[in-house]
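Labels below follow one simple rule: chain letters A, B, ... track the order of the sequence lines, proteins then strands, and each chain is numbered from 1. Worth saying up front: this structure is predicted, and the values here are computed from it rather than measured.
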Number of protein chains: 2
Amino acid sequence: MPLAAAVRQSIPATVILPATRANRCEACPGRHDACATVRTSELERYAMTRTSQTIAAGTAFVDEGEPALNVFTVVAGVVKLFKLLADGRRQIVGFLVPGDMFGFAPNDRYTASAEAVSSVTVCRCSRRQLEHAFAEFPGVERQFLDAITRDLTAAQDQMVLLGRKTAHERVASFLLSLFRRQPNDDDSIDLPMTRTDIADFLGLTTETVSRVFTVLKGSGCIAINGSSKVYILDRDALAELADGAADEDD
Amino acid sequence: MPLAAAVRQSIPATVILPATRANRCEACPGRHDACATVRTSELERYAMTRTSQTIAAGTAFVDEGEPALNVFTVVAGVVKLFKLLADGRRQIVGFLVPGDMFGFAPNDRYTASAEAVSSVTVCRCSRRQLEHAFAEFPGVERQFLDAITRDLTAAQDQMVLLGRKTAHERVASFLLSLFRRQPNDDDSIDLPMTRTDIADFLGLTTETVSRVFTVLKGSGCIAINGSSKVYILDRDALAELADGAADEDD
DNA sequence: CGATCCGTTGACGGTACTCAACTACCGTGG
DNA sequence: CCACGGTAGTTGAGTACCGTCAACGGATCG
């Protein structure tokens, strides 16, 4: 993909700065709170401050199958990871929010493509530098191990969703998992992605996603404001639906 | 589950033996070739020889949600990992063959249940000992990182299968992935698991799996011998089907 | 103001599920 | 040796959920 290649080339070279306790990353104005791979004390000592890159919404910047030269950490915005079949069918295998990391791959090829859902800021670390950090600071490797283990757990949950849940259950599960990841003061959820993205994540079509939203709205579980803002009205009902309780009433 | 708990209690305590180059595990008569977690030279130096346990087919020995006290490595046989919904729907999230590892979990709870498909031999390592090995030998942690990364990649492929492939494509993909994992001299595949297991792995029903097998047999792609032995007759056709080529001729 | 994209709603159809019957294969025991 | 019961697998008929195709409304943008 020429577009993604162009974006990749526009990313400035990664740099490693000397260690300071309150190290700064261009992307994280304050501390590295949003930047998972530099959150541990050991990595703070290492102070692997990387160059950040802001990416416009809708831009693809990693292509499945390409050499996995970099590992990325999302600092701001939302990223979708997806895989394609030969005829164009798409499965989104994950949405990444600030603090999530991706690009760590076996046999040195990216296993999925990445595209910015909203305007996105990522930190970027070359694979070579990462190996360097692994060698010098054992805590870094452990942090990656824990992060990937969490990803695997989420992937297993998603397999249950895709293999065994109904359309209603999928949407309910999706809304709740989004809600858990973006704890707002009120019971609202932001949906930065399109209905098509949601459908490709849940193994459905946009029409079905839209219809399920309408039904959930009609049954009083949720309220919708402008197609990107959802309010949870009956969280228990939603949770019951999401976990696959034998549906009885209504 | 009392059964699984009983099996767990019957597993003798893990022991650590002094290092020898050709270390022996009770389960691996020769070397540790089949035992992924002790395959590296560093772990061979560590010589974490663990007590093995043989488990009868059909026995559950890990329950989702229980404290993740041990990490297991399959030495012989096939294990299924699965998750259940409240009403009993089941999704198998993976089949483990010799060399595969499981039980490494975040927040110290097993994320899935495990059950022996055939008669199974596993090596068992307590979480505490594993942490010890991590601290002493950096290579061990890296090995786990690579193993979990491979698991994650497989999980992503499975998400594509479950979310976007038709029943025929799922079965074709399943047969080919089994074939890749058990390289026989001829083009045969052993199916140690039942049709219900296959269905719960592929997000289908047993009836659909059976029907698809019949169709594939009728179209000359495969031959079936006694419901547990499959011969690949037309591998290209199977691969084309599995990867989601726009189906034209047949 | 037209174009385009996104989201919603409706009508219809197909793939896979449900329910059911039947067969094959085991191991057990008469 | 064969009857017997239980499990696994196959096949058939009918159905339902969700996908496909299509039309429409609203928002954004040049």
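Direction change of the helix axis from one end of the helix from dC1(C)-dG30(D) to dC26(C)-dG5(D) to the other is 30°, with five pairs defining each end axis (rounded to 10°).
Going from atom CZ of Phe213(B) over to atom CG of Leu191(B) covers 5.5 Å, rounded to the nearest 0.5 Å.
Remark: side-chain polar atoms of Tyr231(A) are not paired, donor with acceptor, to backbone N or O of Asn225(A) under 3.5 angstrom. With Tyr110(B) contributing its side chain and Asn70(B) its backbone, the two residues share a donor-acceptor pair below 3.5 Å. Under a 3.5 Å cut-off, the side chain of Thr121(A) and the backbone N or O of Ala76(A) do not form any donor-acceptor pair. With Ser113(B) contributing its side chain and Glu64(B) its backbone, the two residues share a donor-acceptor pair below 3.5 Å. Asp63(A) places no side-chain N or O within 3.5 Å of a backbone atom of Glu66(A) that could act as its donor or acceptor partner.
Across the protein-nucleic acid pair, Ile198(A) atom CD1 and dC18(D) atom C1' stand 17 Å apart, rounded to whole Å. Nucleotide dA16(C) holds its P atom 14 Å from the NZ atom of Lys165(B), rounded to whole Å. Between the CG atom of Leu162(B) and the P atom of dA16(C) there is a distance of 13 Å, rounded to whole Å. Rounding to whole angstrom units, CG of residue Leu202(A) and P of dC17(D) are separated by 18 Å. One can place NZ of Lys217(A) at 13 Å from P of dG7(C), the figure rounded to the nearest angstrom. If you take CG of Asp197(A) and P of dC6(C), they are 9 Å apart, rounded to a whole angstrom. When the C1' atom of dT15(C) is taken as reference, atom CD of Glu169(B) falls 12 Å away, rounded to whole Å. Asp200(A) places its CG atom 17 Å from the P atom of dC18(D), with the value rounded to the nearest Å.
For Thr149(A), the side chain to side chain contact (heavy atoms under 4.5 Å, CB included) partners two or more places apart in sequence, or in a different chain, are Leu145(A), Phe104(B), Pro106(B), Ile148(B). With sequence neighbours left out, Asp190(B) forms a side chain to side chain donor-acceptor pair (under 3.5 Å) with Lys229(B). Taking Asp243(A) as the reference, nothing meets the side chain to side chain contact (heavy atoms under 4.5 Å, CB included) condition, with sequence neighbours excluded. Partners of Thr208(B) according to the side chain to side chain donor-acceptor pair (under 3.5 Å) rule, which considers only residues two or more places apart in sequence or in another chain, are Thr205(B). For Ser177(A), the side chain to side chain contact (heavy atoms under 4.5 Å, CB included) partners at least two apart in sequence or on another chain are Arg180(A). Under the side chain to side chain donor-acceptor pair (under 3.5 Å) criterion, Arg109(A) pairs with no residue, sequence neighbours left out.
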For residues 154-165 of chain B, which side-chain N or O atoms pair as donor and acceptor with protein atoms under 3.5 Å away, sequence neighbours left out?
from      : atom 1 : to        : atom 2 : distance (Å)
Gln156(B) : OE1    : Thr111(A) : OG1    : 2.9
Asp157(B) : OD1    : Lys83(A)  : NZ     : 3.1
Gln158(B) : NE2    : Phe201(B) : O      : 2.9
Arg164(B) : NE     : Arg90(A)  : O      : 2.9
Arg164(B) : NH1    : Leu204(A) : O      : 3.2
Arg164(B) : NH2    : Ala199(A) : O      : 3.2
Arg164(B) : NH2    : Asp200(A) : OD1    : 2.8
Arg164(B) : NH2    : Leu204(A) : O      : 2.6
Lys165(B) : NZ     : Ser173(B) : OG     : 2.9
Lys165(B) : NZ     : Ala242(B) : O      : 2.8

Check: Is there a salt bridge (charged side-chain N to carboxylate O under 4.0 Å, His left out) between Lys80(A) and Asp197(A) once you walk through the steps?
Finding: CA-CA 8 Å; Lys80(A) 59 187 174 198; Asp197(A) 286 341; 2.9 Å; yes
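Each of Val74(A), Val122(A), Thr73(A), Leu96(A) was checked for a side chain to side chain contact (heavy atoms under 4.5 Å, CB included) with Met101(A), and the lone residue meeting it is Thr73(A).
Centroid-to-centroid, the aromatic rings of Phe61(A) and Phe72(A) come within less than 6.0 Å.
Listed in residue order, the members of residues 170-177 of chain A having a heavy atom less than 4.0 Å from DNA chain D come to none. Within residues 203-210 of chain B, the residues having any heavy atom under 4.0 Å from DNA chain C are, by residue number, Gly203(B), Leu204(B), Thr205(B), Glu207(B), Thr208(B).
Residue Thr214(A) places at least one side-chain N or O closer than 4.0 Å to OP1 or OP2 of dT9(C).
Between Ala167(A) and Phe213(B), the residue anchored nearer the 5' end of DNA chain D, judged by the nucleotide with its closest heavy atom, is Phe213(B).
With respect to the salt-bridge test (charged N to carboxylate O, under 4.0 angstrom), the residues Glu240(B) and Arg235(B) do not qualify.
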Please write out each protein N/O paired with an N/O of nucleotides 26-30 of chain D under 3.5 Å, distance rounded to 0.1 Å.
none

Every protein N/O within reach of nucleotides 25-28 of chain C N/O, cut-off under 3.5 Å:
none

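Considering only side-chain atoms of Arg195(A), the nucleotide from dT11(D), dG9(D), dT8(C) that sits closest is dT8(C). Taking the side chain of Thr194(B) as heavy atoms from C-beta on, and the options dA16(C), dT8(C), dG9(D), the nearest nucleotide is dG9(D).
Taking only distance into account, the side chain of Arg211(B) never meets the base of dG9(D) through a donor-acceptor pair shorter than 3.5 Å.
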